[in-house]
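Notes for the one structure printed next.
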Amino acid sequence: MKPMHHIVPVFIALLVLGLGLAPQVHAEAITRTPLFVSGEGEHHTYRIPALAVTNKGTVLAFCEGRQRAGGDSGDINMVLKRSTDNGKTWGEQQVIWDDGRNTCGNPCVVIDRDSGTIFLLMTWNLGRDHEKEIIAQTSKDTRRVYVTQSNDDGLTWATPKEVTATTKLDNWTWYATGPGSGIQLQHGPHKGRLVIPCDHIEAETKHYYSHVIYSDDAGATWKLGGTTPEHQVNECEVVELPDGQLMLNMRNYDRSKKNRQVAISTDGGGTWTDQHFGTTLIEPICQAAIERYSWPDDETKSVILFSNPASQDGRVKMTLRASHDEGQTWPKSLLLHEGPSAYSDLAVLNDGTIACLYEAGEKSAYETIVFVQLPITALD
């Protein structure tokens, strides 16, 4: 498939939404690129976006290329597109991992800023094994954890290496990395640590939990971090706070409160406490993204970004939010897509603009994966 250069500028008003979103009073230009279009590029469906910006400023957009159908099992490849001009144009689609008819998915990307090495954590299972069979332990194999890396800005990738033995307990059945992005810690005694958010299901209880894995040796080895104290959570992303704490933001299955769940770590992800509901962050049971835009200092204020379908009833209303108090409140918001929408990931481009890669469509959320750029002033 030829590179997509048909970027369409779309001017939209910042809308006054219901469901507790703050009113907006001005308009901003948003640049949208339908980056992965289901049915194109020899894949039936594209799903599960992940986004990163390298040390050189190259934008990397990952997702699953579902070969023959749109479901979560079967023949699924890991694919990538690169942009070297802040998302204005994109190179041809690369297939990073194709293991025949097996499932290679759940991209979660993190960059070691010291070396510039890009690490992509993923999960694998036999294409014939379905999630319910893996959970019931009636599958032929199970979910396994893999990592690949690139040392040339995403042009080429190492053969994926299995790290299941050090990142998954024996009594865990289902397992997922991310999806989306991990982080490298910037402060405190664990500065430099690479942290990947994950989730799993216990064999005995069938309970869903979130957890993290990490590397303290620049990606050479990966270890299991802490698990959330309470269950009914799974897909998650993590953000670092100025005092060195980590905040884990999680998909919530407790439908007594249709909001995201949050947990805190004071030891670099080794343990998690203070699990609670984020009262503003409503959700329909879906993945979401969280990303730090800026650190607080004498010249700048703290900004943390968040994106998800902002609805308690269904996967619609892809919304971008901003917090200036380390995720305690989210007074600023912008509707990116009114209709069907689902998974997303966030990044900050080298020119300071916000990038969001999200699933959206008119009749289904899984028609396209869209790359959107917008200035931080859109959330003023």
Side-chain angles (χ1 to χ4, degrees), residues 17-22 174 176 178-183 195 197-202 205-212 225-243 245-267 269-293 302-336 341-346 356 358 379:
L17 301 180
L19 304 172
L21 302 186
W174 188 255
S181 302
I183 61 172
V195 179
C198 303
D199 66 83
H200 66 272
I201 297 177
E202 288 184 342
T205 63
K206 305 295 191 295
H207 287 170
Y208 294 67
Y209 292 90
S210 300
H211 71 275
V212 301
T227 293
T228 53
E230 305 295 332
H231 63 97
Q232 292 187 293
V233 289
N234 67 351
E235 294 171 329
C236 54
E237 286 202 6
V238 63
V239 67
E240 185 179 3
L241 304 180
D243 57 6
Q245 294 188 91
L246 303 185
M247 181 168 62
L248 197 64
N249 188 287
M250 301 167 286
R251 175 172 170 168
N252 167 40
Y253 282 84
D254 181 353
R255 301 319 282 162
S256 66
K257 294 183 179 179
K258 298 180 181 181
N259 300 76
R260 302 287 293 179
Q261 289 202 48
V262 176
I264 300 295
S265 175
T266 59
D267 57 6
T271 59
W272 296 93
T273 60
D274 189 27
Q275 188 170 335
H276 60 278
F277 292 92
T279 55
T280 301
L281 302 181
I282 59 175
E283 74 154 8
I285 304 183
C286 189
Q287 182 266 6
I290 193 165
E291 178 86 12
R292 178 168 292 281
Y293 178 86
S302 173
V303 181
I304 295 177
L305 305 171
F306 176 85
S307 60
N308 83 325
S311 168
Q312 294 180 321
D313 302 315
R315 292 182 173 186
V316 294
K317 298 183 183 297
M318 178 58 64
T319 300
L320 176 66
R321 300 178 188 265
S323 172
H324 300 298
D325 55 9
E326 311 308 334
Q328 298 304 304
T329 62
W330 300 88
K332 305 296 183 178
S333 63
L334 171 66
L335 182 67
L336 296 179
S341 46
Y343 286 36
S344 62
D345 201 19
L346 292 163
C356 185
Y358 64 89
L379 290 165

*Test ring-ring contact (aromatic ring centres under 6.0 Å, His included) on Y209 and H200 and set out the steps.*
CA-CA 6 Å; Y209 292 90; H200 66 272; 5.6 Å; yes

Heavy-atom closest contact ([X] atom, [Y] atom, distance):
X	Y	value
N234	Y208	ND2-CD2, 3.8 Å
C198	C236	O-SG, 3.3 Å
L248	P197	CD1-CB, 4.2 Å
T228	M250	CG2-SD, 3.4 Å

_H324 vs T329, test: side chain to side chain contact (heavy atoms under 4.5 Å, CB included). Steps then yes/no._
CA-CA 8 Å; H324 300 298; T329 62; over 6 Å; no

Consider only side-chain N and O atoms of [X] and [Y], and report whether a donor and an acceptor are under 3.5 Å apart.
X	Y	answer
D199	S210	no
R255	Y253	no
Y343	E235	yes
D313	S311	no
N249	E237	no
Q261	Q275	yes

_For E326, is there an ion pair with R292 - N to carboxylate O distance below 4.0 angstrom?_
yes

*Is the count of non-hydrogen atoms from other residues, nucleotides or ligands lying under 6.0 Å from K257 atom NZ greater than 12?*
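Atom NZ in K257 is not packed in, count stays at 12 or less.
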
*Given side chains that start at C-beta, do those of Q287 and P179 come closer than 4.5 Å, heavy atoms only?*
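Q287 vs P179: side chains touch.
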
*In terms of the angle between their ring planes, are F306 and W330 parallel, tilted or perpendicular, with boundaries placed at 30° and 60°?*
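If you compare the ring of F306 with that of W330, the planes turn out tilted.
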
*With sequence neighbours excluded, what pairs up with E240 under the salt bridge (charged side-chain N to carboxylate O under 4.0 Å, His left out) test?*
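Scan of E240 (salt bridge (charged side-chain N to carboxylate O under 4.0 Å, His left out), adjacent residues dropped) gives none.
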
